[in-house]
Amino acid sequence: MKNIPYKIYLDEAEMPKAWYNLRADMKNKPAPLLHPATLQPLTAEELSTVFCKELAAQELDDTTAYIAIPQEIHDYYKTFRPSPLVRAYNLEKHLQTPAKIYYKFEGNNTSGSHKLNSAIAQAYYAKKQGLKGVTTETGAGQWGTALSMACAYFGLDCKVFMVKVSYEQKPFRREVMRTYGAEVTPSPSMQTAVGRKILQEHPGTTGSLGCAISEAVEVAALDPSYRYVLGSVLNQVLLHQSVIGLETKAALDKYGVKADIVIGCAGGGSNLGGLIAPFMGEKLRGEADYRIIAVEPASCPSFTRGKYAYDFCDTGMICPLAKMYTLGSGFIPSPNHAGGLRFHGMSTTLSQLYHDGLMEAVAVDQLSVFQAAEEFARVEGILPAPESSHAIRAAMDEAIRCKETGEEKTIVFGLTGTGYFDMYAYEAFHDGKMTDSIPTDQELAQGLSGLPKVD
Ligand SMILES: *Cc1c(COP(=O)(O)O)cnc(C)c1O
């Protein structure tokens with residue numbers, strides 16, 4: 001076997017020219033999105049009133065395996081891609097494991113996360129359609145930042161509803177977005193009917209992702225020159241994020257390395273869905289086998305303790321219904337520091353794969369996640385985002401298991417971003433003030449009791 005460098009970079013010419021649509025190889029397709037009023041599967045036409053036309057088509061396309069990456073998007077990708085696949089030699093040594101650990105690092109751009117991969121695609125299709133701008137929500141702020149950058153590049157207006165607690169606690173993210181020209185509003189706000197309603201029912205609420213989604217959708221629905229865009233959960237987002245997995249697979253293939261275990265953190269499922277895409281594709285086609293592991297916070301355990309059912313994607317119940325592992329759209333997770341993992345539901349594609357036993361899921365608690373983050377930072381140098389650190393935790397646990405069994409497994413995990421804007425979380429950890437609140441069965445039952453009756 002060739003000597004593996006610390007960082008494997010692809011050449012620009014080796015970058016993927018097409019996204020890979022995992023759904024094309026799934027026997028059991030993800031369940032369709034349903035219209036919230038009629039409960040009928042949404043047509044492309046209906047979806048196009050909310051999403052850009054081309055993105056609506058991608059959302060519904062269950063059959064085209066490869067979708068060409070438009071040249072303009074490819075050109076922008078070249079400004080921050082290919083991202084490195086790092087052989088974690090230092091972490092291996094630190095853990096004294098026979099396992100071989102690789103991570104795909106997506107934090108090497110100003111937005112600090114993988115979200116730019118889809119933001120630039122969504123902004124491109126909005127521009128191509130001749131729209132004036134887009135609306136969206138952001139929780140921790142990574143998606144809003146990525147979208148602001150993408151909109152600035154294509155000259156689009158960008159209206160971001162930012163979960164109020166983040167708006168107040170993460171002023172730096174907010175200002176990065178404004179630097180790129182975005183208009184940032186704390187949610188819930190008085191700007192929308194749904195925001196006013198939520199404020200009336202829950203005065204003093206610090207907001208939630210589900211609520212911010214409702215506001216962003218409402219604003220886009222009322223102005224024909226705007227569309228709503230979303231940074232996770234949707235099939236189209238997983239499609240764009242497949243660039244992560246395709247590069248990872250190409251880099252491994254270049255050195256003749258076969259992965260055994262592929263691990264990623266899962267909020268709405270976009271980085272995980274993108275990372276695993278080509279590996280899962282081989283698994284679905286019976287060409288190779290992999291263990292694929294989703295890692296979620298114990299405080300928001302959609303896969304491990306949720307229910308596979310149709311549910312609303314937002315609190316205001318104006319968005320389509322998706323069949324997914326969910327904790328209920330009314331479930332508001334405790335203020336865990338991994339803001340990007342606090343969504344109550346999960347990608348319909350990943351939900352179907354998990355339901356079919358094609359992937360595993362683990363839930364990890366916050367303290368052990370930050371312990372892993374700190375260990376990782378000290379040996380590998382990169383300061384990881386709290387979300388990404390969930391994957392680090394699980395990868396380290398697998399590597400430690402290899403040490404016990406003597407197995408030389410090859411572990412690949414997704415390092416989705418950097419944590420420079422999460423230093424309050426690190427501070428709480430260092431000061432011994434970090435807690436975790438894991439929902440009781442009773443609390444979960446309450447969230448699930450509000451599921452719409454569809455099945
Ligand atoms: C948003 C985010 C996540 C989680 O979102 P997915 O759609 O599940 O990938 C993970 N890591 C980082 C750094 C993020 O910004």
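First listed ligand is number 1; within each ligand, the first listed atom is number 1. The figures that follow rest on heavy atoms only: side chains count, while hydrogens, waters and symmetry mates do not. These numbers come from a predicted model, not from an experiment.
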Student: Centroid separation under 6.0 Å, is that true for the rings of H355 and Y308?
Tutor: yes
Student: Given 3.5 Å as the limit, does a donor-acceptor pair link the side chain of K307 with the main chain of Y325, or not?
Tutor: no
Student: Strictly below 4.0 Å, N to O, side chains only: are R378 and E374 in salt-bridge contact?
Tutor: yes
Student: Look at R291 together with E398 and state whether they make a salt bridge at an N to O cut-off of under 4.0 Å.
Tutor: yes
Student: If the condition is side chain to side chain contact (heavy atoms under 4.5 Å, CB included), which residues does T179 pass it with, not counting sequence neighbours?
Tutor: none
Student: Tell me which part of S113 gets within contact of ligand 1: side chain, backbone, both or neither, using heavy atoms under 4.0 Å.
Tutor: side chain
Student: Show the atoms of ligand 1 that are less than 4.0 angstrom away from any heavy atom in A266.
Tutor: 8 (O)
Student: For ligand 1, does H114 get within less than 4.0 Å through its side chain, its backbone, both, or neither, judged by non-hydrogen atoms?
Tutor: side chain
Student: What atoms of ligand 1 come closer than 4.0 angstrom to any heavy atom of S232?
Tutor: 6 (P), 7 (O)
Student: Heavy-atom contacts under 4.0 Å between Q241 and ligand 1: side chain, backbone, both, or neither?
Tutor: neither
Student: Under 4.0 Å from any heavy atom of L341, which atoms of ligand 1 are there?
Tutor: 4 (C)
Student: Is G267 in polar range of ligand 1, meaning some N or O pair under 3.5 Å apart?
Tutor: yes
